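Owing to the predicted nature of the structure, the values given are computational and were not obtained by experimental measurement.
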Amino acid sequence: MVAVILAGGRSRRTAPVDKLQLRHVDLEAMLARVMRSVSPRLPRVLVAPRWRWRGLSRLGLPEARWVADPDEGPWRALRAASSAPVDWLLVLPGDLPRPSPALHRRLWEARGPDIDAVTAAGPRGFQLPMVLRAELCEAEGPSSFRQGLRGRRLLRLDPRNLTSAERAGLVDVDRLSVARRHGLACAVDAAIR
């Protein structure tokens, strides 16, 4: 398995702040915490547009292979990242204020031979983080997760059956009010560049 961290969004709803540069009270960047939540035994792939690399490189991120986001949607970003010869991908958004290694393990343990992807049930029928068969991303295909998962065998875990720490690992930052609620603050140099 390879962990793929998606950092390709434009932070439109948090502009002018680049939400990936929001910091916790201990000054660790949110994106760095997401990357550190992945087991050190797993290779990490960070998918981000080249225009963002300079700003992200200053965040003290853990070691990862950087892949240029093709800016054609998150599913195609996965395709760009899934070149490693692996069977499964752990897909994480870069904007999780409380990433949960326990949730990552639960998703991994729930997969099976008749399952293409494991996720928690959400408003769109799925949500990230997700464990996904790498072969789904190999062919030229759709740009969105919704399209990429259409017709696939998807196991949706009921969030009510998750621990509170695992449920916290499902929350992403879409607005600055959510960031504040999770104790995240804007660094001086966090403007979108």
Side-chain angles (χ1 to χ4, degrees), residues 1-9 20 31 33-49 62 64-174:
M1 183 163 69
V2 168
V4 178
I5 298 92
L6 299 176
L20 296 179
L31 178 60
R33 186 158 299 176
V34 169
M35 293 178 72
R36 283 188 224 300
S37 74
V38 173
S39 168
R41 295 186 306 268
L42 283 183
R44 296 178 190 100
V45 177
L46 177 64
V47 182
R65 180 171 62 92
W66 289 50
V67 173
D69 186 331
D71 198 26
E72 297 171 347
W75 194 262
R76 294 206 179 129
L78 276 183
R79 184 169 184 263
S82 65
S83 62
V86 296
D87 293 332
W88 292 88
L89 303 174
L90 169 62
V91 184
L92 300 167
D95 63 349
L96 297 172
R98 302 281 181 255
S100 171
L103 176 61
H104 306 167
R105 280 190 299 279
R106 185 180 290 244
L107 294 170
W108 173 254
E109 291 166 358
R111 71 198 159 75
D114 297 332
I115 303 293
D116 291 324
V118 182
T119 183
R124 297 173 298 235
F126 68 90
Q127 58 188 28
L128 297 178
M130 171 185 297
V131 172
L132 175 74
R133 284 190 187 275
E135 67 192 39
L136 298 180
C137 305
E138 289 173 0
E140 194 65 41
S143 60
S144 74
F145 272 94
R146 181 181 299 275
Q147 295 166 337
L149 293 172
R150 185 174 292 136
R152 302 298 182 178
R153 299 164 299 179
L154 189 60
L155 175 61
R156 294 174 183 91
L157 303 180
D158 186 338
R160 294 174 297 190
N161 295 331
L162 301 177
T163 67
S164 59
E166 290 168 338
R167 279 193 306 277
L170 296 171
V171 176
D172 62 344
V173 172
D174 285 334

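Thr119 places no side-chain N or O within 3.5 Å of a backbone atom of Arg156 that could act as its donor or acceptor partner. With hydrogens and angles disregarded, no donor-acceptor distance shorter than 3.5 Å links the side chain of Arg44 to the backbone of Pro62.
Here the CG atom belonging to Leu157 is positioned 7.0 Å from the CZ atom belonging to Arg106, to the nearest 0.5 angstrom. Interatomic distance, CG of Leu6 versus CG of Asp69, reported as 8.0 Å (0.5 Å rounding). Rounding to the nearest 0.5 Å gives a distance of 7.5 Å between CZ of Arg133 and CG of Asp87. A distance of 7.5 Å separates OG in Ser37 from CG in Leu96, rounded to the nearest 0.5 Å. Atoms CZ and CG, on Arg153 and Asp114 in that order, are 6.0 Å from each other to the nearest 0.5 Å.
Between Leu92 and Pro99, every side-chain heavy-atom pair lies at or beyond the 4.5 Å cut-off. A 4.5 Å side-chain heavy-atom check between Val47 and Val4 finds at least one atom pair inside the cut-off.
For residues 90-105, the salt bridge (charged side-chain N to carboxylate O under 4.0 Å, His left out) pairs, not counting sequence neighbours, are Lys19-Asp95.
Partners of Gln147 by side-chain contact (heavy atoms from CB on, under 4.5 Å), not counting sequence neighbours, listed by chain and number: Pro142, Ser143, Ser144, Arg150. Listed by chain and residue number, Met130, Leu132, Leu149, Leu154 satisfy the side-chain contact (heavy atoms from CB on, under 4.5 Å) test with Ala117 (two or more places apart in sequence, or in another chain).
In this structure, Arg111 is positioned above the aromatic face of Trp108, its NZ or CZ under 6.0 Å from the six-membered ring centre and within 45° of the axis.
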